[in-house]
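Sequential numbering from 1 along the given sequence is applied to the chain's residues. Please read these numbers as outputs of a predicted model, since none were measured by experiment.
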Amino acid sequence: IISPEEKRTIAFHEAGHAVVSWLLKQVDPLVKVSIIPRGKSLGSAWYLPEEKQLRSESAFTEHLCATLGGRAAEEVIFGEVSSGALDDLEKVTKEAYMMVVYYGFNKKLGNISYYDSTGQRDAGIQKPFSEETGKLIDEEVRKLISEVYQRAKGILQDNKESLSKVAELLLQKEVIFKEDLESILGKRPDGLIPKKINENAFLDKSAVILMKSIKLLEFFNRYTAIVKEVSKFLKVLIYVEDMTIENFRMIEGTEHLKIV
């Protein structure tokens with residue numbers, strides 16, 4: 001059971017994600033926010049991913065910023081943070097390391113990637129860089145995460161009234177959509193505006209997945225039916241074979257009696 005205090009914290013946490021992501025143009029369009037618990041998640045924000053093969057450094061940075069928007073909102077409103085951002089922190093840490101170690105987005109390390117495409121190196125045993133470089137990587141990752149967190153806090157402090165409105169609306173309705181956010185925050189910045197055609201494409205993809213699942217289920221049912229028929233046929237063969245052997249033994253016995 002979630003207490004009213006916890007529910008309020010969750011509402012502001014999700015509102016933080018919503019406000020920051022809405023105001024950053026390179027973050028995927030937000031289409032739905034919920035504070036209804038689902039599994040281990042106490043709340044969630046739903047985005048409509050853009051089909052892109054490449055992401056710029058600024059796009060990565062804005063995504064980190066939006067991911068930390070929930071934790072930043074807790075600090076801005078309540079003056080302290082909760083344990084609710086565990087999943088956010090895990091995602092941010094992994095993505096920040098990817099930016100620094102794999103994609104060459106760090107000026108101090110330069111255009112170097114320690115990504116192993118062969119998969120032959122055991123990262124848990126041997127690192128592809130020195131201990132000194134490892135310390136530098138840790139420092140740069142911490143610096144990057146700290147910078148995007150401060151940026152998220154700044155956005156929320158500048159839009160504190162809107163943050164509160166979104167959180168209160170969540171407490172009232174539990175689930176809100178992009179139209180609700182648009183009524184509070186206005187149109188998104190130029191860049192990634194969720195359009196109807198994109199939503200239709202999202203629904204089309206869902207329909208395709210559903211149809212494939214139905215076809216897979218039909219195939220499974222047919223396969224099960226075939227297996228059952230084959231099983232019956234094998235039982236008949238075994239029965240016929242047993243009868244044939246038994247008849248052969250009877251014939252052999254009869255011949256033996258005749259000889260005697």
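For K153 against A72, the heavy-atom pair with the smallest separation is CG-CB, 3.7 Å. Contact record, I145 with A96: CG1-CB, 3.9 Å, taken as the closest heavy-atom pair.
Annotation: the span from K25 atom NZ to S58 atom OG amounts to 8.0 Å, rounded to 0.5 Å. Between L171 atom CG and I35 atom CD1 the span is 5.0 Å, to the nearest 0.5 Å. How far CZ of R71 is from CG of L89: 4.5 Å, rounded to the nearest 0.5 Å. The distance from the CD atom of E5 to the CD1 atom of I10 is 11.5 Å, given to the nearest 0.5 Å. Considering CD of E50 and CZ of R55, their distance stands at 12.0 Å, rounded to 0.5 Å. The distance from atom CG of L170 to atom OG of S34, rounded to the nearest 0.5 Å, is 8.0 Å.
Under the 4.5 Å side-chain criterion, counting only non-hydrogen atoms from C-beta, P29 is not in contact with Y47. In this structure, the side chains of V33 and V175 stay at 4.5 Å or more apart for every pair of heavy atoms. The side-chain heavy atoms of D116 and P128, taken from C-beta on, include no pair separated by under 4.5 Å. Residues E147 and Q150 are not in side-chain contact: their nearest non-hydrogen atoms beyond the backbone lie 4.5 Å or more apart. Taking 4.5 Å as the limit, every side-chain heavy atom of L48 sits out of range of all side-chain heavy atoms of K178. At a threshold of 4.5 Å between non-hydrogen side-chain atoms, the residues R8 and F78 count as touching. Inter-residue side-chain proximity for I137 and Y97 is flagged as met; some heavy-atom pair is nearer than 4.5 Å. In this structure, E74 and F12 have side chains that are not in contact, with every pair of non-hydrogen atoms separated by 4.5 Å or more.
Side chains of T133 and S130: a donor-acceptor N/O pair is present below 3.5 angstrom, by distance only. With no hydrogens or angles considered, no side-chain donor-acceptor pair links H63 and D28 at under 3.5 Å.
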### Query
Given the rule in the side chain to side chain contact (heavy atoms under 4.5 Å, CB included) test, do L181 and I176 qualify, once you have shown the distances and angles that lead to the verdict?
CA-CA 8 Å; L181 294 167; I176 60 175; 3.9 Å; yes

### Task
List the steps and the verdict of side chain to side chain contact (heavy atoms under 4.5 Å, CB included) for E75 and L156.
CA-CA 10 Å; E75 184 174 349; L156 294 173; over 6 Å; no

### Task
Start with the C-alpha gap between V20 and V27, add the side-chain angles, then the distance that decides, and say whether side chain to side chain contact (heavy atoms under 4.5 Å, CB included) holds.
CA-CA 9 Å; V20 175; V27 179; over 6 Å; no

### Task
Verify side chain to side chain contact (heavy atoms under 4.5 Å, CB included) between E174 and K7, making sure each step is shown before the conclusion.
CA-CA 10 Å; E174 292 193 325; K7 192 171 184 179; 2.9 Å; yes

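Neither W46 nor F177 shares a network with the other; the hydrophobic side chains, linked directly or stepwise wherever heavy atoms of I, L, V, M, F, W or Y lie under 4.5 Å apart, form separate groups for each. Note on I36: it does not cluster hydrophobically with L42, by side-chain heavy-atom contacts below 4.5 Å among ILVMFWY residues. L86 and Y149 are members of different hydrophobic clusters when ILVMFWY side chains are connected at heavy-atom separations under 4.5 Å. Linking Ile, Leu, Val, Met, Phe, Trp and Tyr whenever their side-chain heavy atoms come within less than 4.5 Å puts I112 and V101 in one cluster.
Here K91 pairs with D87 in a salt bridge; the nearest charged N to carboxylate O distance falls below 4.0 Å. Between E139 and K143 there is no salt bridge, since none of the side-chain N atoms of the basic residue sits less than 4.0 Å from a carboxylate O of the acidic one. Electrostatic pairing of E62 and R151 counts as a salt bridge here, judged by a charged N lying under 4.0 Å from a carboxylate O.
Under the side-chain hydrogen bond (donor to acceptor under 3.5 Å, both in side chains) rule, D180 has a single partner from K165, K32, K173, which is K173.
At distances below 3.5 Å, at least one donor-acceptor pair connects side-chain atoms of R188 with backbone N or O atoms of W22. Not a single donor-acceptor pair under 3.5 Å links the side chain of N159 to the backbone N or O of S162. At least one donor-acceptor pair under 3.5 Å links the side chain of S21 to the backbone N or O of A18.
Ring geometry for F105 versus Y103: interplanar angle of 30 to 60°, hence tilted.
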